[in-house]
Amino acid sequence: MNLFQILETTGHEKVFFCRDEKAGLRAIIAIHNAGFGAAMGATRLWPYASEIDALRDVLRLSRGMTYKAACANIPVGGGKGVIIARPEEKTGELLKAYGRFVDSLNGSFITGQDVNLTPRDVRQIRQETRYVVGADEKSGGPALLTALGVLQGIRAAVRYRLGRRDLYRLKVAIQGLGNVGKNLCRLLHEQGAELIVSDVDEARTEEMTRLYEAAAVEPDQIFSRDADVFSPCALGGVLNGTTIPRLKASIIAGCANNQLEDEQADSHGLKQKGILYCPDYVINAGGLINVYHEMIGYEEEKALSHVDRIHDTLLEIFEKAEREGITTHEAAHRLGESRIAETAPNETGSRLN
């Protein structure tokens with residue numbers, strides 16, 4: 001693997017590798033774009049099969065963060081961190097060692113919680129660095145705001161594709177019942193939607209069936225269920241040449257990152273099948289929006305209003321895709337590029353204070 005050729009292809013600026021033998025830490029931070037003086041992106045802890053798999057994931061996720069921030073009109077660049085470990089290997093010393101790693105970058109990377117990290121973990125990281133957000137769980141925390149953004153995205157897609165302004169009796173199949181997925185179940189249930197749920201953790205599935213009268217299915221059956229909306233809320237790569245032919249939903253709207261295994265091939269596959277795809281880094285921006293407002297001085301009303309605008313951004317993307325005869329993935333990418341160009345800082349440097 002020629003790392004510099006890969007970075008030239010993906011457009012990344014910097015990649016940092018960290019190892020702390022005493023703490024058991026192996027981590028990678030990728031900065032895709034720091035044109036505003038800092039890159040933001042949460043950190044996930046995952047037992048990657050190899051360092052190459054971890055590198056691929058962090059590069060793809062950090063690139064997505066650049067476009068997530070741009071489409072959400074947030075003046076930061078995109079970054080991401082990954083810690084290579086099993087959840088049971090997570091210790092206070094490991095988290096503090098990671099905090100020192102983040103701190104050594106002097107504010108060029110600002111992070112928070114992702115898969116297998118909790119607000120409590122973030123608070124431990126914060127003992128070693130001030131360049132973290134999300135530790136105080138403003139407005140219920142990033143997971144709730146992410147779910148609220150996905151709800152707005154579903155509203156936009158249902159309005160555009162189905163001509164409906166309400167979600168009553170809308171059938172939504174939710175794959176993955178972690179923090180965001182559970183919040184999304186509650187929000188949709190409150191709107192009168194009918195839920196079909198699946199998770200590898202049976203206890204999570206049973207909880208949703210008990211609380212919200214959801215229909216539970218096995219993980220490998222969720223793709224082929226009759227539903228109006230399929231909502232991927234687990235890990236990435238679930239939309240591919242094998243699963244797309246099985247889909248019966250007319251809308252894809254979920255919080256998972258990197259939902260398309262192959263961005264070009266699979267976005268065209270969805271378009272050819274007549275499925276309206278809500279680009280993941282647009283619809284799941286609520287968590288980033290929330291922690292960004294925490295960073296600049298939190299005002300709940302402003303943060304919630306910012307999340308609500310995900311609805312109109314997606315409508316703009318849907319209309320652009322139809323007008324130009326392109327996929328919604330391509331339309332979102334073009335929108336992100338245009339917003340980056342429009343809001344790029346001048347020669348004096350960062351727009352962040």
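Values reported hereafter were calculated over all heavy atoms of this structure, with side chains retained and with hydrogens, waters and symmetry mates removed. No experiment lies behind these values; they were computed from the predicted model shown.
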- Item | Derivation and outcome, salt bridge (charged side-chain N to carboxylate O under 4.0 Å, His left out), residues Arg44 and Asp57 | CA-CA 10 Å; Arg44 66 174 47 178; Asp57 201 31; 3.4 Å; yes

- Message: Using the rule given for salt bridge (charged side-chain N to carboxylate O under 4.0 Å, His left out), can you reason through Asp121 versus Lys90, listing the C-alpha separation, both sets of side-chain angles and the distance that settles it, and then say yes or no?
- Response: CA-CA 9 Å; Asp121 295 331; Lys90 181 175 61 177; 2.7 Å; yes

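Side chain of Thr129 to main chain of Arg126: no donor-acceptor pair is present (N/O by atom type, distance under 3.5 Å, no hydrogens or angles). Between the side chain of Thr66 and the backbone N or O of Gly78, at least one donor-acceptor pair lies under 3.5 Å. In terms of modelled atom types and a separation under 3.5 Å, the side chain of Thr146 and the main chain of Val180 share no donor-acceptor contact. Judged by distance alone, with hydrogens and angles left aside, the side-chain atoms of Glu294 form no donor-acceptor pair with the main-chain N or O of Tyr298 at under 3.5 Å. Checked by atom type and distance alone, the side chain of Asp103 never pairs as donor or acceptor with a backbone atom of Gly99 at under 3.5 Å. The closest donor-acceptor contact from the side chain of Glu89 to the backbone of Arg86 lies under 3.5 Å. No donor-acceptor pair under 3.5 Å is formed between the side chain of Glu128 and the backbone N or O of Ala97. Under a 3.5 Å cut-off, the side chain of Asp280 and the backbone N or O of Asn258 do form a donor-acceptor pair.
Within the structure, side chain to side chain donor-acceptor pair (under 3.5 Å) contacts touching residues 308-335 (residues at least two apart or in different chains) are Gln152-Asp308, Tyr160-Glu322, His268-Glu330, Glu316-Arg339, Lys320-Glu324, Glu324-Arg334, Thr327-Glu330, His333-Glu337.
Once rounded to the nearest 0.5 Å, the distance linking OH of Tyr67 with CG of Asn33 reads 8.5 Å. Here CD1 of Ile28 is found 11.5 Å from OG1 of Thr43. Values are rounded to the nearest 0.5 Å. Atom CG of Asn240 and atom CD of Glu261 lie 4.5 Å apart (nearest 0.5 Å). Between the CG atom of Asn179 and the CZ atom of Arg204 there is a distance of 7.5 Å, given to the nearest 0.5 Å. Of the inter-residue distances, the one linking His32 atom NE2 with His12 atom NE2 reads 5.5 Å to the nearest 0.5 angstrom. Rounded to the nearest 0.5 Å, atoms CZ (Arg19) and CD1 (Ile84) are 12.0 Å apart.
Between His293 and His306, the two ring planes are perpendicular [angle over 60°; tilted spans 30° to 60°].
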Identify every side-chain donor-acceptor pair in residues 269-276 under 3.5 Å, counting partners at least two apart or on other chains, and give the distances.
| residue | atom | partner | partner atom | Å |
| --- | --- | --- | --- | --- |
| Lys273 | NZ | Ile244 | O | 2.9 |
| Lys273 | NZ | Pro245 | O | 2.8 |
| Lys273 | NZ | Leu247 | O | 2.7 |

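Counting heavy atoms of neighbouring residues, nucleotides and ligands inside a 6.0 Å radius, atom CZ of Arg130 does not exceed 12 of them. The number of heavy-atom neighbours closer than 6.0 Å to CD of Glu88, taken from other residues, nucleotides and ligands shown, is above 12.
Salt-bridge formation is not detected for the pair Asp20/Lys22: no Lys NZ or Arg NE/NH1/NH2 atom is positioned less than 4.0 Å from an Asp or Glu carboxylate oxygen.
Under the side-chain hydrogen bond (donor to acceptor under 3.5 Å, both in side chains) criterion, Tyr131 pairs with no residue, sequence neighbours left out.
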